[in-house]
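On a predicted model such as this, the values are computed, not experimentally measured, just so you know.
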Amino acid sequence: MKETAARKAAAVKEAAAGRTPAAKEPVAEETAAGQAAVKKAAAKRAPAKKATPVEKAAPAKKATAVKKTATAKKATPAKKATAVKKAATAKKATPAEKAPVVATAPAAAPEPTPAVAGESVPAAGEGPAAVAAGPTPVEAAVSPALTAYDRDRLLTGTHHDPHGLLGAHPVEDGVLFRAFRPYARAVAVLAGEVRADLHDEGDGFFSGVLPLREVPAYRLVVTYEETVQEVEDAYRFLPTLGELDLHLIGEGRHEDLWTVLGAHPMTHEGVRGTRFSVWAPNARGVRVTGTFNFWDGTGHPMRSLGSSGVWELFVPGIGEGELYKFDIARPDGSHTLRADPLARRTEVPPATSSIVTSSQYEWDDAEWLARRAERPAHEAPLSIYEVHLPSWRPGLTYRQLAEQLPAYVKELGFTHVELMPVAEHPFGGSWGYQVTGFYAPTARLGTPDDFRYLVDRLHQAGIGVLMDWVPAHFPRDAWALAEFDGRPLYEHEDPLRAAHPDWGTLEFDFGRREVRNFLVANAVYWCQEFHIDGLRVDAVASMLYLDYSREPGQWTPNEHGGRENLDAVAFLQEMNATVYRRCPGVVTVAEESTAWDGVTRATHHRGPSGFGGLGFGLKWNMGWMHDSLQYMSHEPVHRKYHHHEMTFSMVYAYSENYVLPISHDEVVHGKGSLVSKMPGDWWQQRAGHRAYLGFMWSHPGKQLLFMGQEFAQGAEWSEAHGPDWWLLDPAYGAEADHRGVRDLVRDLNAVYRATPALWEQDTEPAGFQWVVGDASEDNVIAFLRYDADRNPLLAVSNFSAVVRPDYRLGVPDDVPAWHEVLNTDEARYGGSDVTNPHPVKPEPHPWHGRPASIRLTLPPLATVWLRPA
């Protein structure tokens, strides 16, 4: 009898190890059909039995990558370290590399199986069939204890390789299982049809050795005080990042960086979950924490992937909507809780957590994308309506904006909108220019897919989308990028180079390849993931000069002794080259306020300064903006002394590809609105406003106008309440005054888009000729614009407050007659209706150096456009 019992105990051990004992009945193969047959046979023989919670959730067998079988000789510590390192950098296993489950229980036994130590004996009436209906209990042998050093590092979140200690590993006597489950009361392993309770080592560690030949697919049964959970073990998975990804990250050349860093729901080795990865090369350890672990990351330490500085962890069973942050152990051992630098979705400020997300959006703008690259931006009509989305119509979400903004912009005839920074930012008063979430549209207005919907609807309405992009600096918030892993990382290590003197922020370290990669990939990200048509790059001048806003002694010259920031130059060149290569039809626009040579020159073309061009498509003409607004602020009787302020821009008009910006910066913080900059009474202010817009739309360069200025809002802009839409309410007494200005903007855009002379040769000197540029006593400016086929448009501005009848202007003699196509003084715009209603024929009277001339009636404070009749 004792001999029989010994043989049966040995049979159980052999079954657990994957060896089939002799049996009176044939054993089914390890297939789904075989398992079904065994279970069906067992069900016929077994009496009814109430299933335990664990038995109700018996795990499905899943193939995993085969780990190297332990040899008879125990591996030395050096060999184990090598094996761990190889596993940490291994490629993701292919299906062919995955192995079937090895450890199984016998299908059936002819006699009752004796109890394994520590388990109860089956009750009367419960025969072998009852044992086969659930996992076979196997006693786990006691495993070697963790060293005090490793134990402490896991508990304090400072271990670089938790996967080398946790999970399942071949050892001399079988397979060692170790789980780290803080607050658990018990942990068991389910491997095929085998179940084994692990030994409690204290502090949340559970371990045991099972007599298995190979590492099987397994799950954990975790018992807490009030619940039992059957879960996947995060520490049984190979790394989700491949060697190529790590190599490109290390070289700073991963142009799709957002696809490998951050949080990504995915299926890994047949299991659904989320991959977390973050670059933190100075960290002693990183843990992921969030709603899924009650903001206690103790049980979720991440592994360091070689020398890349990247930490990674695949967490099974969690997906979209989970909030998370990274718990980073600094070099000094202290901890900091940080939002994900590559989070693609965030909480609504002032909350700061990152959110696991993936896009489900289906685009409907293929036609727009297919034709946006047909003509380069500098040779196409481009009139831009600048919008601060949160305040355009306060309270609207992205999707609600998508129902109103495209229709409004299309009605006014603008070709593009420019969105002030939509990337996540903690302080609304920064208008988006102090970014903490470079990869996340602000959650104030909705989800990332909601923002995609807005862009899609704008494209469907035929409107391009530019967005402000802020790669120059970032705020010092302790939960964001500043000293991210305990040391300067995204910012320059030299405090004088890091601190931005104007905004209290930190400047990016453009000389660090991983930081450049973070920003270059970010530019590509917005264009590819959100179909953005252009990036207006903020504060370029502050990036280009080492002494920007710094006093002597507060900056260090470059290696050539100059003031140029060579790292920033290289970054901007790389960014522009990458965006233009990856995203056909996209345009980059520099907000650059100095005379830097070659902002819109190709990167491979060197200029007089010795630098290649920066590679932008367009540049804001800050000189034109400053000079022209200065001129308009003078009383008309004094303007003759400042005439050069309106004409000087043509001296350098073709040095770059320009945008003429009347942006938010000019109508806020005490500067007043555009109409309020004009002198005189209300009628004269509106007349000056209209005349200025007519001059702006005819001047070489593209146009940009900030919201509210299209209807002559009197108050300066405030992000707290946005434009004064009530001025357009028919119930308001002066509504006609404001609606007239808006009607003018609509007509300016309509004529502009239909007249290639106003845009086709914006960057070619052949597209412009002065008629009279020195009539300072008259306050008159007149010039011709030409398209590529030499079709002209005559633009005349009278910035005096008097009518000038029979004003003679020299014109080409090959145009038989001129017809007025736009006059900013028309009554329907709120003007005095001094017009030239009939075609004007040239006279053979030489004037202004031309063989013919015409006589016009110039209305006061007005701009007039004429085309060949």
Asker: With sequence neighbours excluded, what pairs up with H159 under the ring pair (Phe, Tyr, Trp, His ring centres under 6.0 Å) test?
Answerer: none
Asker: Restricting to pairs with a member in residues 321-347, which pass ring pair (Phe, Tyr, Trp, His ring centres under 6.0 Å), not counting sequence neighbours?
Answerer: F276-Y324, Y324-F326
Asker: Of all residues at least two apart in sequence or in a different chain, which pass the side-chain contact (heavy atoms from CB on, under 4.5 Å) check with S307?
Answerer: none
Asker: Can you list everything that forms a side-chain hydrogen bond (donor to acceptor under 3.5 Å, both in side chains) with R272? Sequence neighbours excluded, please.
Answerer: T267
Asker: Applying ring pair (Phe, Tyr, Trp, His ring centres under 6.0 Å), can you list everything that pairs with F206, at least two apart in sequence or on another chain?
Answerer: none
Asker: For T223, give me all partners under side-chain hydrogen bond (donor to acceptor under 3.5 Å, both in side chains), at least two apart in sequence or on another chain.
Answerer: none
Asker: Among residues at least two apart in sequence or on other chains, which ones pass side-chain contact (heavy atoms from CB on, under 4.5 Å) with Q360?
Answerer: E320, S358, D449
Asker: Run the side-chain contact (heavy atoms from CB on, under 4.5 Å) test against T352 and tell me which residues pass, sequence neighbours left out.
Answerer: K325, W479
Asker: Going by an N to O cut-off under 4.0 Å, is there a salt bridge joining E424 and R444?
Answerer: yes
Asker: With sequence neighbours excluded, what pairs up with V231 under the side-chain contact (heavy atoms from CB on, under 4.5 Å) test?
Answerer: R181, L220, V222, Q229
Asker: Only pairs at least two apart or in different chains count here, so list each salt bridge (Lys or Arg N to Asp or Glu O under 4.0 Å) that has a residue in residues 247-265.
Answerer: E251-R253, E255-R581, E255-R582, D256-R582
Asker: Which residues satisfy the side-chain hydrogen bond (donor to acceptor under 3.5 Å, both in side chains) test with R151, sequence neighbours excluded?
Answerer: D203
Asker: For R338, give me all partners under side-chain hydrogen bond (donor to acceptor under 3.5 Å, both in side chains), at least two apart in sequence or on another chain.
Answerer: T336
Asker: Would you say the side-chain atoms of N517 pair up with the backbone N or O of H254, donor to acceptor, closer than 3.5 Å?
Answerer: yes
Asker: Does any N or O in the side chain of H268 come within less than 3.5 Å of the main-chain N or O of G273, such that one atom is a donor and the other an acceptor?
Answerer: no
